[in-house]
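Order of listing sets the numbers, starting from 1, for every ligand and every atom in it.
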Amino acid sequence: MEASIREGREDCLFCRIIEKKIPSKIVYEDTRAIAFEDVNPQAPVHLLVIPVKHIASLSAIQPKDDAILTHLFSVVSRLAREKGIVERGYRTVINSGRGAGQTVFHLHVHLLSGRPFQWPPG
Ligand code: AMP
Ligand code: ZN
């Protein structure tokens, strides 16, 4: 694996999940993205969709990562169909930076469904 991909990985919780060094309930996996159940679910459906490449946050995205982002949302859409939540509706959230509530610095899309959601979000 390229050095740039490994950068920042050493103490990254989600990189450990990708490497299967920390157990998780993986619901989707390919060479570019994985999805697993959030350990502290905030809704009946609460999945995290993450790139295999270590990217700390949306703020660290580079133009060369465009295809990764597209793929992440393609996986979100696929999971929403598989989980049968398209009709009910679902919310996707990306917290970027501590001030916005980001606690794990490996880019992740929260996919939430199964309860009402307020707007504006809290
Ligand atoms: P954020 O606060 O947006 O950075 O989201 C991080 C999410 O990771 C939170 O919803 C946590 O509940 C979740 N999380 C933390 N540790 C784990 C873990 N070991 N397995 C699954 N989800 C986790
Ligand atoms: Zn990572």
message: On a heavy-atom basis, which atom in S57 and which in L107 lie closest, and how many Å separate them?
response: C-CD1, 4.0 Å
- prompt: Has the side chain of R91 got a donor or acceptor atom that lies under 3.5 Å from a matching backbone atom of H110?
  reply: no
statement: Restricting to heavy atoms, the pick from P41, G101, S24 nearest atom 2 (O) of ligand 1 would be G101
Test item: E87 side-chain N/O and G89 main-chain N/O as donor-acceptor pair under 3.5 Å: no
statement: Heavy-atom closest pair (F36 atom, S24 atom, distance to 0.1 Å) is CB-OG, 4.0 Å
message: Looking only at distances, can you tell me whether any N or O atom of H46, backbone or side chain, sits closer than 3.5 Å to an N or O atom of ligand 1?
response: no
- prompt: Strictly under 6.0 Å, is that where the ring centroids of H108 and H106 end up?
  reply: no
query: At under 4.0 Å between heavy atoms, which part of F105 makes contact with ligand 1: side chain, backbone, both or neither?
result: neither
query: Of all heavy-atom pairs between V49 and A35, which one has the smallest distance, and what is that distance?
result: CG2-CB, 4.0 Å
message: Give me the residue, atom name and distance of the protein heavy atom closest to atom 12 (O) of ligand 1.
response: D38 OD1, 2.5 Å
- request: Assess H110 for proximity to ligand 1: is some non-hydrogen atom of it under 4.0 Å away?
  value: yes
task: Can you spot which of L112, V27, D38, T92 makes a side chain to side chain contact (heavy atoms under 4.5 Å, CB included) with L47?
output: V27
- request: Using the Zn ion (ligand 2) as the apex, give the angle to atoms ND1 (H54) and ND1 (H106), rounded to 10 degrees.
  value: 110°
Close side-chain approach of H54 and I18, heavy atoms under 4.5 Å: no
Nearest candidate to atom 16 (N) of ligand 1, where distance is taken over non-hydrogen atoms, out of I50, I22, L13: L13
message: For atom 18 (C) of ligand 1, tell me which residue out of L47, N40, V39 has the closest non-hydrogen atom.
response: V39
- line: If we number the atoms of ligand 1 from 1 as shown, the ones under 4.0 Å from a heavy atom of F14 are 8 (O)
- request: Any atoms of ligand 1 less than 4.0 Å from a non-hydrogen atom of E37? List them with their elements.
  value: 21 (C)
message: If we count only N and O atoms by modelled type, under 3.5 Å, do the side chains of R78 and S74 hold a donor and an acceptor together?
response: no
- prompt: Counting each atom of ligand 1 from 1 as listed, which ones have a heavy atom of I17 under 4.0 Å away?
  reply: 18 (C), 19 (N), 20 (N)
query: Linking I/L/V/M/F/W/Y whenever any side-chain heavy atoms sit under 4.5 Å apart, do L72 and V76 land together?
result: yes
field: ligand 1 versus V93: contacting region, heavy-atom distance under 4.0 Å
entry: neither
query: Of the backbone atoms (N, CA, C, O) and the side-chain heavy atoms from C-beta on, which set of L48 has a member under 4.0 Å from an atom of ligand 1: side chain, backbone, both, or neither?
result: side chain
statement: Logged contact type for T103 with ligand 1, heavy-atom cut-off 4.0 Å, is both
- request: Just need the protein heavy atom nearest to atom 1 (P) of ligand 1, so name the residue and atom and give the distance.
  value: H108 NE2, 3.1 Å
Three-point angle C12:SG, the Zn ion (ligand 2), C15:SG, rounded to the nearest 10°: 120°
